[in-house]
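Inspection log for the structure reproduced underneath, given as structure tokens.
Within every chain, numbering begins at 1; the chains are lettered A, B, ... in the order of the sequence lines, protein sequences first and strands thereafter. In what follows, every heavy atom counts, from backbone to side chain, and hydrogens, waters and symmetry copies are set aside.
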There are 2 protein chains.
Amino acid sequence: MKTVSRVLNHEPNVSEETRRRVEEAVARLQYRPNPSARTLAGRRSYLVAMLYDNPSSNYLMEVELGVLDACQSQHYNMMLAPLVYDAKDIVAKVEVLVVQSRVDGVVLTPPITDDQALLRRLDELGVPYASVSPKEENRRIGVIVDERRAAAEIVGHLASLGHTRIAHIKGHPAHGASGWRLEGYREGLARAGLRYEPALVVDGEFSYDSGYVATNALLDLARPPTAIFAANDDMAAGAICAICERGLSVPRDVSVCGFDDTPIARHIYPALTTVRQPTREMGRLAALELLKAIRKPGSGGMVEVPYTLQLRRSTGPAPA
Amino acid sequence: MKTVSRVLNHEPNVSEETRRRVEEAVARLQYRPNPSARTLAGRRSYLVAMLYDNPSSNYLMEVELGVLDACQSQHYNMMLAPLVYDAKDIVAKVEVLVVQSRVDGVVLTPPITDDQALLRRLDELGVPYASVSPKEENRRIGVIVDERRAAAEIVGHLASLGHTRIAHIKGHPAHGASGWRLEGYREGLARAGLRYEPALVVDGEFSYDSGYVATNALLDLARPPTAIFAANDDMAAGAICAICERGLSVPRDVSVCGFDDTPIARHIYPALTTVRQPTREMGRLAALELLKAIRKPGSGGMVEVPYTLQLRRSTGPAPA
DNA sequence: CTGAAAGCGCTAACAC
DNA sequence: GTGTTAGCGCTTTCAG
């Protein structure tokens with residue numbers, strides 16, 4: 001019996017001959033190990049959890065699918081753990097999860113990626129974790145995009161269209177992405193030889209409504225911008241709405257671009273110029289690195305994936 | 001020990017006093033039963049799977065959250081089973097799932113709700129299932145909305161605005177919803193005393209692009225419609241794009257309405273008049289009925305949930 | 001390299 | 001109403 005167990009778990013100390021015979025029998029009998037018995041007896045659960053906040057976004061659905069891809073390919077199960085990110089009980093919740101479900105590892109998505117208390121506790125518990133787009137500080141295992149460079153590039157695109165007054169709507173302050181995109185904005189401006197003007201940078205929080213509000217503030221300026229770089233697509237959609245409501249036209253009067261390339265980018269009119277992140281692939285790669293670390297502690301690392309600029313109809317030449 | 005087990009599983013034959021004391025101890029010790037041990041010893045897995053196709057929609061993400069709500073509240077786990085709905089290997093895939101993961105039940109979403117071969121096999125295996133918006137034929141356990149009445153009502157709204165040439169873009173033929181919405185369209189027309197005109201009904205498949213294409217066909221008609229009822233929001237968004245591209249305005253020249261009230265409905269310009277389904281609640285209720293059936297075979301039923309009309313800016317008076 | 005023995009934490013079946 | 005006993009199907013430990 002133990003020999004069969006060894007073969008199934010790819011453990012050493014089985015003769016080639018025995019291994020072959022076991023495998024033949026497994027195939028013939030269509031034998032499938034019982035996951036619960038494995039979990040109960042062993043110390044692995046073959047289960048990883050995906051922790052996330054803000055459940056209703058397309059972004060997360062994509063990441064989730066990627067994580068699922070990776071797990072299924074390695075005969076792991078995935079469980080979902082939506083958490084309300086308010087930093088109070090989050091550590092306790094995760095503890096319950098780890099203790100009760102005995103998860104072998106977790107995938108973190110922003111902004112949970114950057115909860116220091118949680119990361120510390122996970123380290124203490126010895127639970128490996130992979131992060132999707134974490135802030136600089138905990139770059140250990142996971143996947144990342146050079147968002148700063150992407151933002152600089154899209155701002156460069158705006159500048160190349162002749163825009164000189166380019167505004168930026170910031171993202172939610174708890175997300176690392178907001179910082180990178182702002183830095184990229186400034187970098188893009190600098191490269192194009194444009195001056196950074198604080199009045200053209202307004203707060204947002206990644207929601208449609210915040211984009212709408214922020215844009216109205218920008219359009220009320222004595223010298224309003226001719227282009228707006230919103231830190232994500234939802235806010236860009238809100239910006240377009242605010243612009244249209246004033247009887248202005250996108251991109252004739254104001255150009256707008258976003259970030260993420262969620263489905264909404266293609267579904268609004270005019271279609272949005274934005275930065276595409278390979279979200280599903282990111283989930284897959286993060287999970288794959290996590291699984292490496294689960295198998296062999298210390299292995300797994302940070303992988304960087306490429307972005308692509310999606311030039312569509314929401315950006316055009318600066319008005320004369 | 002067994003007494004504790006009884007309390008935790010809400011089984012009968014425990015005195016109120018004992019039950020209370022056990023619960024107190026559970027709370028004090030933060031005791032959490034081990035799912036694997038339960039599964040191994042008992043015949044239940046405390047696991048339900050959600051089967052779905054077409055993973056990248058907001059609709060599914062919402063349903064998923066609802067199912068998760070219900071499962072968590074009853075200490076069940078949920079697993080995701082994305083399936084490519086092409087009716088060939090779907091039965092085999094589900095068999096593996098049921099046999100290997102020993103799921104106690106499954107939640108079905110359209111169009112998987114209506115795969116007769118799958119339903120038959122599930123019945124044979126004795127695996128209970130709940131369906132979200134299934135076609136008439138398998139109304140056993142699940143949740144449903146009176147989509148037909150909703151469609152009739154929204155068409156009535158269009159008629160009350162003075163529209164007499166109201167077009168309809170149909171949904172994907174494999175979905176029961178497409179049929180109901182078409183019926184509702186005809187019913188709404190009839191009630192308003194308007195004639196049903198086959199030329200004003202065009203095919204779609206629930207995608208943005210199909211709505212765009214369909215709308216162009218409608219606008220090319222000798223006598224184009226002044227209002228379009230698209231069978232879902234994505235197609236309505238495509239319709240708005242097609243209309244805007246011709247230099248026409250929504251709702252001044254053409255009114256547009258959709259169905260579902262997904263986030264895109266609020267995020268496009270102008271915001272979409274549509275029918276809101278309580279999607280998350282539907283997932284929750286479907287799962288709850290499933291859990292009833294798991295606990296007590298034969299119980300659980302079909303529950304109907306209310307819809308609400310969301311009147312927004314994409315519909316207005318018929319042009320003079 | 002192989003296998004026997006002893007559980008993992010729970011529930012089913014059956015006493016009491 | 002409550003407790004006892006015997007596993008569920010594996011992995012661990014340790015002896016051969």
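In this structure, B/N34 reaches the sugar-phosphate backbone alone: every heavy-atom distance under 4.0 Å involves primed, P, OP1 or OP2 atoms, never a base.
Side-chain N/O atoms of A/R32 and base N/O atoms of D/dG9 include no donor-acceptor pair closer than 3.5 Å.
The CZ-P distance, from B/R6 to D/dG3, rounds to 9 Å in whole Å. Atom P of nucleotide D/dT11 and atom CZ of A/R44 are separated by 8 Å, given to the nearest angstrom. Separating the CZ atom of B/R20 from the C1' atom of D/dG1 is a distance of 16 Å, rounded to the nearest angstrom. To the nearest angstrom, P of D/dT12 lies 12 Å from CE of A/M1. Atom CZ in B/R19 sits about 10 Å away from atom P in D/dG1, given to the nearest Å. Rounded to a whole Å, the CG atom of A/N13 is 14 Å from the C1' atom of D/dG16. Put simply, OH on A/Y31 is 9 Å from P on D/dG9, counting in whole angstrom units.
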Exercise for review: Step by step, work out the salt bridge (Lys or Arg N to Asp or Glu O under 4.0 Å) result for A/R20 and A/E23.
Suggested key: CA-CA 5 Å; A/R20 207 190 42 66; A/E23 275 162 357; over 6 Å; no
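In this structure, B/T18 reaches the D/dT2 phosphate: one of its side-chain N or O atoms is under 4.0 Å from OP1 or OP2. Close to D/dC8, at under 4.0 Å from its OP1 or OP2, lies no side-chain N or O of B/T39. For A/Y46, no side-chain nitrogen or oxygen approaches OP1 or OP2 of D/dC10 to under 4.0 Å. Dashed line: the shortest gap from a side-chain N or O of B/T3 to OP1 or OP2 of D/dG3 is under 4.0 Å.
The two residues B/L288 and B/Q74 make their nearest non-hydrogen contact at CD1-NE2, 3.7 Å.
Salt-bridge check for B/R121 with B/E124: passed, with a basic side-chain N closer than 4.0 Å to an acidic carboxylate O.
Between B/F206 and B/H175, the two ring planes are perpendicular [angle over 60°; tilted spans 30° to 60°].
Closest to the side chain of B/L40, out of D/dT12, D/dT11, D/dC8, is D/dC8.
Around atom CD of B/Q30, no more than 12 heavy atoms belonging to other residues, nucleotides or ligands sit under 6.0 Å away.
Checking B/K2 against B/A41, the closest nucleotide of DNA chain D that is more toward the 5' end is the one next to B/K2.
No hydrogens or angles considered: a donor-acceptor pair under 3.5 Å links the side chains of A/Q277 and A/D260.
In this structure the side chain of A/S36 never reaches within 4.5 angstrom of the side chain of B/R102, judged on heavy atoms.
Chain A approaches DNA chain C over the interval C/dC1 to C/dG9, counting the first and last nucleotide 5' to 3' with an atom under 4.0 Å from its heavy atoms.
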